[in-house]
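Presented below is the structure to which this report refers.
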Amino acid sequence: MAEVHLPKGMRDLLPAQMQARLQIIDTVRKVFARFGFEPLETPAMERIETLMGKYGDEGDKLIFRVLKRGEGGERGEVDQALRYDLTVPLARVLAMNPGLAMPFRRYQIQPVWRADRPQKGRFREFTQCDVDIAGSESPLCEAECLAVASAALTALGFRDFTIRLNDRRILAAMAAAIGAPDRLISMVTAIDKLDKVGEDGVRKELAAQSFAPEAADLLFSMLGGGPIPEVEAYEAGLDQIIGYAHDLGVAPGRVVKDRTLARGLDYYTGPVFEIVVTEPKIGSISGGGRYDELVGMFSGRKIPAVGISLGLERIFVVMEELGMLGAGAKAAEVFVTRFSDATLSETLQAAAALRDAGVPTCLALDGGKLGKQLQQADKTGARWAVVIGPSEAKAGLAQLKDLRSGSQQTLPLTELVAQVKAALG
RNA sequence: GUGGGUGUAGCUCAGUCGGUUAGAGCGCCAGGUUGUGGCCCUGGAGGUCACCGGUUCGAAACCGGUCAUUCACCCCA
């Protein structure tokens, strides 16, 4: 056992995992592009003050801080941090680039870091797939977000997922109605556990937070669909979003309003949403919402914005457990063996010809027994092996062996290439 | 930040009540005679039983600590 370790909660992605992962990213990226989003990347690190105070107390604690210029450890000085999400960096970009044409739609697929304790489907380094729309207050933005996320998941093969939808302002109205407008957070964290601990558990939690029993009664009547003062417009807004999303192709019934959905991040100001799957117990695979004040925190210029984020690692875990990951790409389709020095030139030229034709081709580097090389060919997953020995070389031919059937034929190189290309479609 | 589980070969794991040379499967290496893989057969390499300390005549096993990892809570993707 090697005495080296990875940083906690981080991992290497070996080729077998990378092949599946790249397929997922490719699928998601194409869907994002299809919805008219443009790519953006930002640095792994931000200045600490850019990140602080955007995520709430809980979030701030989880920000990965970086020592000042990599030094100053004794004094504990920090001035930079690894980004916690892709939304705040986007807000900074918007503040710094006033010339961007406005409704600005961008996608961004990059890792983010959180100093969490790792557990199932949770890592300290993970990749978010974000789409955001800035510069519009239209509920169509929310609908676009739900539609693009839904399309991406569908393209990946997801069938059973639910989009939960709520509005921060409805939660605020409930807090006001029970006479605790300033205690939104503790109310919200209590009711957020409803499906986990049940009504009794939430009442206990509320009591522990010194909410009056009457307040709890009122709260549950509102959660149960009872009237909430002054939220008609927000409710109507959510219905509108659902209607638009439906027209944009989101399956009927997929989006459900849920008054218990809270979302922890401080910067959300309006509609919030998350996507959950029931099968592997992994919680949400996606989350987002509207954050109309965030950009203004950097520039003073208010720019409304909405976004949604897909968690690549969680999606991967779900797909893995549900057997949704296809065969995965292989290293090469053709493995060219190295017979001897006398035929090396012809061998290399054969590999080059295959590669020129666009056929993924692996070359035996060290030679050795032919049987050994064919074993190696098997491990690469190649479908064919090419052998060029003295007799083939002398006749200007090459031997093509089908590694599935074991059959082989000797033919001119150009025909060999054409045949492989044809078989690959 | 809080609580639990686990740590034995490259991997997945056995290992009885504390007992002498610590095992299996898979993988790896070599061979089964010439230029042909998979299957089969034979042989082989590979271990500080995570680390440190303690109890004991004797510890992989029991106790304590450390480290790593994993799961749950909180929160989140």
Side-chain angles (χ1 to χ4, degrees), chain A residues 1-11 14 55-63 84-87 109-130 149 153 185-186 188-190 192-193 196-197 201 205 261-266 268 272-277 281-289 307-318 335 337-340 342-343 364 367-393 399-408 410:
Chain A
M1 213 168 294
E3 288 301 315
V4 289
H5 295 105
L6 275 68
K8 186 190 290 295
M10 305 186 181
R11 62 255 164 80
L14 297 177
Y55 306 108
D57 293 339
E58 197 74 28
D60 282 356
K61 282 184 211 155
L62 300 180
I63 293 173
Y84 179 92
D85 68 359
L86 301 178
T87 305
I109 300 174
Q110 285 194 277
V112 302
W113 292 268
R114 295 182 188 178
D116 257 357
R117 283 267 285 265
Q119 58 178 286
K120 181 168 184 174
R122 163 178 299 179
F123 305 92
R124 286 185 154 191
E125 177 181 54
F126 63 100
T127 295
Q128 291 195 323
C129 311
D130 260 47
L153 290 173
I185 303 285
S186 48
V188 150
T189 51
D192 195 41
K193 298 175 195 164
K196 209 169 259 179
V197 298
E205 171 85 18
L261 174 66
R263 305 259 80 218
L265 301 179
D266 268 14
Y268 291 127
V272 289
F273 27 82
E274 82 178 14
I275 302 181
V276 293
V277 292
K281 266 184 59 189
I282 199 151
S284 62
I285 55 175
S286 175
I308 191 165
S309 181
L310 296 159
L312 187 61
E313 277 67 21
R314 293 211 175 154
I315 285 172
F316 193 90
V317 168
V318 172
F335 187 94
T337 60
R338 175 180 172 175
F339 192 91
S340 68
T343 60
K369 292 176 114 176
L370 193 56
K372 204 79 204 134
Q373 296 189 44
L374 289 172
Q375 273 180 26
Q376 208 181 322
D378 278 329
K379 283 175 196 158
T380 67
R383 186 170 159 191
W384 296 278
V386 169
V387 179
I388 302 179
S391 49
E392 288 86 3
Q399 190 180 91
L400 179 67
K401 183 181 179 77
D402 186 324
L403 289 169
R404 286 186 204 162
S405 66
S407 66
Q408 53 195 44
T410 302

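First the proteins, then the strands, lettered A, B, ... as listed; each starts at 1. Scope of the values below: all heavy atoms of this structure, side chains included, with no hydrogens, waters or symmetry mates.
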Checklist entry - salt bridge (charged side-chain N to carboxylate O under 4.0 Å, His left out): which pairs involve residues 117-128 of chain A, sequence neighbours left out? => result Asp116(A)-Arg122(A), Lys120(A)-Glu321(A)
Next on the checklist: Once salt bridge (Lys or Arg N to Asp or Glu O under 4.0 Å) is applied, do any residues pair with Glu313(A), and if so which ones, sequence neighbours excluded?
Outcome noted: Arg11(A), Arg21(A)
Checklist entry - For Leu403(A) and Glu125(A), take the nucleotide of RNA chain B holding the closest heavy atom to each; which residue's nucleotide lies nearer the 5' end? => result Leu403(A)
Item to check | Sugar-phosphate only, base, or nothing, as touched by Arg11(A) at under 4.0 Å among non-hydrogen atoms | outcome: nothing
Checklist entry - By side-chain hydrogen bond (donor to acceptor under 3.5 Å, both in side chains), which residues pair with Glu58(A), not counting sequence neighbours? => result none
Next on the checklist: At 4.0 Å (heavy atoms only), tell me whether Gly121(A) reaches a base, stays on the sugar-phosphate, or touches nothing.
Outcome noted: base
Checklist outcome for this item: side-chain contact (heavy atoms from CB on, under 4.5 Å) filter on Thr337(A), not counting sequence neighbours, yields Phe335(A), Leu370(A), Gln373(A), Leu374(A), Val387(A)
Next on the checklist: Using a 4.0 Å heavy-atom cut-off, does Gly59(A) contact any base of the nucleic acid, only the sugar-phosphate backbone, or nothing at all?
Outcome noted: nothing
Checklist outcome for this item: Among rA77(B), rG35(B), rC75(B), the one nearest any side-chain atom of Thr189(A) is rC75(B)
Checklist outcome for this item: Taking Watson-Crick and G-U wobble contacts under 3.5 angstrom, with | marking pairs to another strand and [ ] crossing pairs, the secondary structure of RNA chain B is written (((((((..((((.....[...)))).(((((.......))))).....(((((..]....))))))))))))....
Checklist entry - With a 4.0 Å cut-off on heavy atoms, is Glu392(A) in touch with a base, just the backbone sugar-phosphate, or nothing at all? => result base
Checklist entry - Which distance, rounded to the nearest 0.5 Å, do you find between the CG of Leu400(A) and the CD1 of Ile388(A)? => result 10.5 Å
Next on the checklist: Between C1' on rA77(B) and CZ on Arg263(A), what's the gap in Å once rounded to a whole number?
Outcome noted: 8 Å
Checklist entry - With no angle test and no hydrogens, is the base of rG1(B) tied to the side chain of Glu58(A) by a donor-acceptor pair under 3.5 Å? => result no
Checklist entry - In whole angstrom, what separates Phe339(A)'s CZ from rG37(B)'s C1'? => result 15 Å
Checklist outcome for this item: The nucleotide from rU36(B), rG35(B), rA77(B) with an atom nearest the side chain of Pro390(A) is rG35(B)
Checklist entry - Taking atom C1' of rC74(B) as reference, at what distance in whole Å does atom CG of Asp60(A) sit? => result 16 Å
Next on the checklist: Restricting to side-chain contact (heavy atoms from CB on, under 4.5 Å), what partner residues turn up for Ser340(A), sequence neighbours left out?
Outcome noted: Ala342(A), Thr343(A)
Item to check | Rounded distance in Å - NZ (Lys61(A)) to C1' (rG1(B)) | outcome: 7 Å
Item to check | Residues which pass side-chain hydrogen bond (donor to acceptor under 3.5 Å, both in side chains) with Glu205(A), listed by chain and number, not counting sequence neighbours | outcome: Lys193(A)
Checklist outcome for this item: Sorted by chain and number, sequence neighbours left out, salt bridge (Lys or Arg N to Asp or Glu O under 4.0 Å) with Arg338(A) holds for Asp341(A)
Within the sub-3.5 Å range, which N or O atoms of nucleotides 29-32 of chain B have a protein N or O partner, and how far apart are they?
unit_1  : atom_1 : unit_2    : atom_2 : d
rA30(B) : OP2    : Lys372(A) : NZ     : 3.3

Checklist entry - Nearest of rA77(B), rU36(B), rG37(B) to any side-chain atom of Asp378(A)? => result rG37(B)
Strictly under 3.5 Å: I want the nitrogen or oxygen pairs between protein and nucleotides 65-70 of chain B, one per line.
unit_1  : atom_1 : unit_2  : atom_2 : d
rU69(B) : OP2    : Lys8(A) : NZ     : 3.4

Item to check | Nearest-angstrom distance, P atom, rC73(B) to rC13(B) | outcome: 23 Å
Next on the checklist: Could you tell me how far rA24(B) sits from rC62(B) if I compare only their C1' atoms? Round to whole Å.
Outcome noted: 26 Å
Checklist entry - Any luck finding a side-chain donor-acceptor pair between Lys379(A) and Gln376(A) under 3.5 Å? => result no
Item to check | ring pair (Phe, Tyr, Trp, His ring centres under 6.0 Å) partners of Tyr84(A), counting only residues at least two apart | outcome: Tyr55(A)
Checklist entry - Can you tell me how far P of rC73(B) sits from NZ of Lys281(A), to the nearest Å? => result 7 Å
Next on the checklist: Within the 4.0 Å heavy-atom criterion, would you say Val387(A) contacts the bases, only the backbone, or no part of the nucleic acid?
Outcome noted: base
Checklist entry - Taking the P atom of each, how far is rA61(B) from rA50(B), in whole Å? => result 8 Å
Next on the checklist: My understanding is that only residues two or more places apart in sequence, or in another chain, count here; which of them pass side-chain contact (heavy atoms from CB on, under 4.5 Å) with Val277(A)?
Outcome noted: Phe158(A), Phe161(A), Pro280(A), Ile282(A), Ile285(A), Val318(A)
Item to check | Interatomic distance, Arg124(A) CZ vs rC75(B) P [rounded to whole Å] | outcome: 18 Å
Next on the checklist: Please give the distance between the P atoms of rU12(B) and rC75(B) as a whole number of Å.
Outcome noted: 33 Å
Checklist entry - What about Ser340(A): does its side chain form a donor-acceptor pair under 3.5 Å with the base of rG35(B)? => result no
Checklist entry - Got a second to check how far Leu310(A)'s CG is from Ile315(A)'s CD1, nearest 0.5 Å? => result 4.5 Å
Checklist entry - Donor-acceptor pair under 3.5 Å: do we get one between Arg114(A)'s side chain and the base of rC75(B)? => result no
Next on the checklist: Can you say whether a donor on the side chain of Gln373(A) sits under 3.5 Å from an acceptor on the base of rU36(B), or the other way round?
Outcome noted: no
Next on the checklist: Would you measure the distance from the P atom in rA72(B) across to the matching atom in rG64(B) and give it in whole Å?
Outcome noted: 26 Å
Item to check | Length of the CZ-C1' vector between Phe126(A) and rA77(B), whole Å | outcome: 5 Å
Item to check | Length of the CG-P vector between Asp85(A) and rA77(B), whole Å | outcome: 8 Å
Checklist entry - Do the non-hydrogen side-chain atoms of Trp113(A) and Met10(A) ever get within less than 4.5 Å of each other? => result yes
